[in-house]
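See below for the structure under consideration.
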Amino acid sequence: MKLATWNINGVKARIETALAWLDLEKPDVVCLQEIKSVDEGFPAADFENLGYTVVTHGQKGFNGVAILSKLPIEDVMRGLPGDDGDVQARYIEATIAPQVMSGLANGGGQAAVGQAAVGQAGFGRAIRLGCLYLPNGNPLGTEKFPYKLGWMARLETHARRLLNGEMPVVLAGDYNVIAEPADAKRPEVWTGDALYQPESRAAWRRLVNLGYTDAVRACHPEPGIYTFWDYQAGAFQKNDGIRIDHILLSPQAAGLLRSAMVAKDARAMEKPSDHVPVVVDLG
DNA sequence: ATGCCTACTACAAGTAGA
């Protein structure tokens with residue numbers, strides 16, 4: 001199963017870009033962040049035309065997350081547990097169910113045919129998938145930074161609880177954390193930024209240390225891999241980026257990891273998001 | 001030092017992003 005996460009920076013303004021990339025890469029499951037749309041305004045039909053089922057957790061003007069899946073979506077949960085007063089739409093979680101065998105419908109009727117179809121096009125096992133847009137936290141000195149840290153504490157609590165379940169867990173999204181110096185072209189310019197504060201990085205490490213694997217780092221130990229480049233000052237042309245979009249895998253999910261990559265080419269598309277997709281292949 | 005750029009809201013210029 002090919003699973004991608006992408007901060008799309010406005011799904012309505014970016015719909016042609018999104019559809020072009022999906023048509024090219026054909027991921028089975030996609031987590032979108034910063035859809036900047038209410039649920040009713042989400043262009044679901046455009047994605048359904050590509051074969052996706054769509055679930056959203058939208059908000060007017062900013063934030064907003066969505067999951068697109070060619071496999072069945074079940075048991076959708078909107079919002080990160082732990083604070084009923086938090087109205088920001090930054091988390092949606094669902095079970096991606098195994099592909100339904102359709103061998104009989106095709107006149108096959110043999111079990112081997114059905115299994116081959118699952119192994120090729122789908123996935124034999126359900127996963128629990130969280131799609132998250134972690135608060136930015138800037139500027140420091142405002143209520144935004146403690147909100148970020150509080151959100152990360154809630155995420156840690158929830159991620160620990162998910163490990164007690166039976167399903168492999170995938171937590172994918174825009175974490176808004178530069179975890180290591182190697183995750184920025186110029187780490188020194190981020191020292192006063194919420195993304196690179198010791199508290200933000202420590203909270204990230206606590207999350208990973210629960211037993212999650214950073215899929216891209218596990219497959220690519222080399223520095224210089226980024227997922228975000230500012231629109232300003234020619235940042236992409238200078239490769240002046242940061243790696244803040246991540247896919248974390250529980251031990252069971254990590255056992256399924258075949259490959260992970262950052263779709264850097266998406267930043268060179270027409271009307272790009274400032275983030276690019278991160279993709280894993282889980283077998 | 002600041003803005004550089006982009007989306008959204010709402011219709012101007014402010015909020016938000018990272």
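Quick caveat, the model's predicted, so the values are computed rather than measured. Throughout, protein chains are lettered first and strands after them, A, B, ... in sequence-line order, and every chain is numbered starting at 1.
- Across the strands present, B:dA13 finds its partner in B:dT9; the criterion is a Watson-Crick or G-U wobble pair with both atom distances under 3.5 angstrom.
- Within 4.0 Å of A:R243, counting heavy atoms only, lies no atom of the nucleic acid at all.
- Between A:Q59 and A:N63, the residue anchored nearer the 5' end of DNA chain B, judged by the nucleotide with its closest heavy atom, is A:Q59.
- For the P atoms, the distance from B:dC8 to B:dA18 is 14 Å, rounded to whole Å.
- One P atom belongs to B:dC11, the other to B:dT2, and the distance between them is 30 Å to the nearest Å.
- Residue contacts for A:A233: at a heavy-atom cut-off of 4.0 Å it reaches a base atom on one of the strands shown.
- By the 6.0 Å and 45° rule, A:R90 stacks over the aromatic ring of A:Y133.
- Between B:dC5, B:dA7, B:dA18, one nucleotide has an atom nearer to the side chain of A:Q232 than all others, and that is B:dC5.
- Residues A:F47 and A:F42 bring their aromatic ring centres within 6.0 Å.
- Rounded to an integer number of Å, the gap from NZ of A:K148 to P of B:dG17 is 10 Å.
- Put simply, CZ on A:F228 is 13 Å from C1' on B:dA7, counting in whole angstrom units.
- Classification of the A:Y175-A:W204 ring pair by plane angle, with boundaries at 30° and 60°, yields perpendicular.
- Comparing B:dA18, B:dT6, B:dC8 by their closest approach to the side chain of A:K12 singles out B:dC8.
- Rounded to a whole Å, the CG atom of A:D274 is 14 Å from the C1' atom of B:dC4.
- At whole-Å resolution of the value, OH in A:Y226 and P in B:dA18 are 18 Å apart.
- Straight-line distance from the CG atom of A:L140 to the P atom of B:dA18: 15 Å, rounded to whole Å.
- Rounded to whole Å, the distance from CG on A:D230 to P on B:dT2 is 16 Å.
- For the pair A:H246 NE2 and B:dA18 C1', the interatomic distance rounds to 13 Å; values are reported in whole Å.
- At a threshold of 4.0 angstrom between heavy atoms, the contacts of A:N176 are confined to the sugar-phosphate backbone, with no base atom among them.
- Scanning both residues, A:A172 and A:L129, for their nearest heavy atoms gives CB-CD1, 4.5 Å.
- For A:K60 and B:dA7, the NZ to P distance is 19 Å, given to the nearest whole Å.
- Note on A:Y196: nothing from the nucleic acid sits closer than 4.0 angstrom, heavy atoms only.
- Among the nucleotides B:dA16, B:dA18, B:dA7, the one closest to any side-chain atom of A:A13 is B:dA7.
- Screening A:E74, A:M1, A:R128 against A:I96 for a side-chain contact (heavy atoms from CB on, under 4.5 Å) leaves a single residue, A:M1.
- A:K144 has a side-chain polar atom (N or O) that falls below the 4.0 Å cut-off from OP1 or OP2 of B:dG17.
- Across all strands, A:K271 comes closer than 4.0 Å only to sugar-phosphate atoms, never to a base (heavy-atom distances).
- Taking side-chain N and O atoms only, A:Y231 has no distance below 4.0 Å to OP1 or OP2 of B:dG3.
- Between the base of B:dA18 and the side chain of A:D193 there is no donor-acceptor pair shorter than 3.5 Å.
- Each of A:P272 and A:G137 lies near DNA chain B, and the nucleotide nearest A:P272 is the one positioned closer to the 5' end.
- Contact check, A:H275 against B:dA18: a side-chain N or O comes under 4.0 Å of OP1 or OP2.
- For A:F236 and A:W229, the gap between ring centers is short of 6.0 Å.
- Separation of the P atoms belonging to B:dA1 and B:dT6 is 25 Å when rounded to the nearest angstrom.
- For A:F62, whose side chain is taken as the heavy atoms from C-beta onward, the closest listed nucleotide among B:dT6, B:dA16, B:dA18 is B:dA16.
- Out of B:dA7, B:dA18, B:dT9, the shortest distance to the side chain of A:L195 is found at B:dA18.
- As judged by a 4.0 angstrom heavy-atom cut-off over every strand, A:D245 is placed among residues making no nucleic acid contact.
- A cation-pi arrangement is found for A:K70 relative to A:Y52, the charged atom lying closer than 6.0 Å to the ring centre and inside a 45° cone about the ring normal.
- Checked against B:dA7, B:dA16, B:dA18, the side chain of A:K36 finds its nearest nucleotide in B:dA7.
- Taking atom P on both B:dG3 and B:dA12, the two are 23 Å apart, rounded to the nearest angstrom.
- Remark: the separation of the P atoms in B:dA10 and B:dA16 is 13 Å, to the nearest Å.
- At least one side-chain nitrogen or oxygen of A:N7 sits closer than 4.0 Å to the OP1 or OP2 atom of B:dA18.
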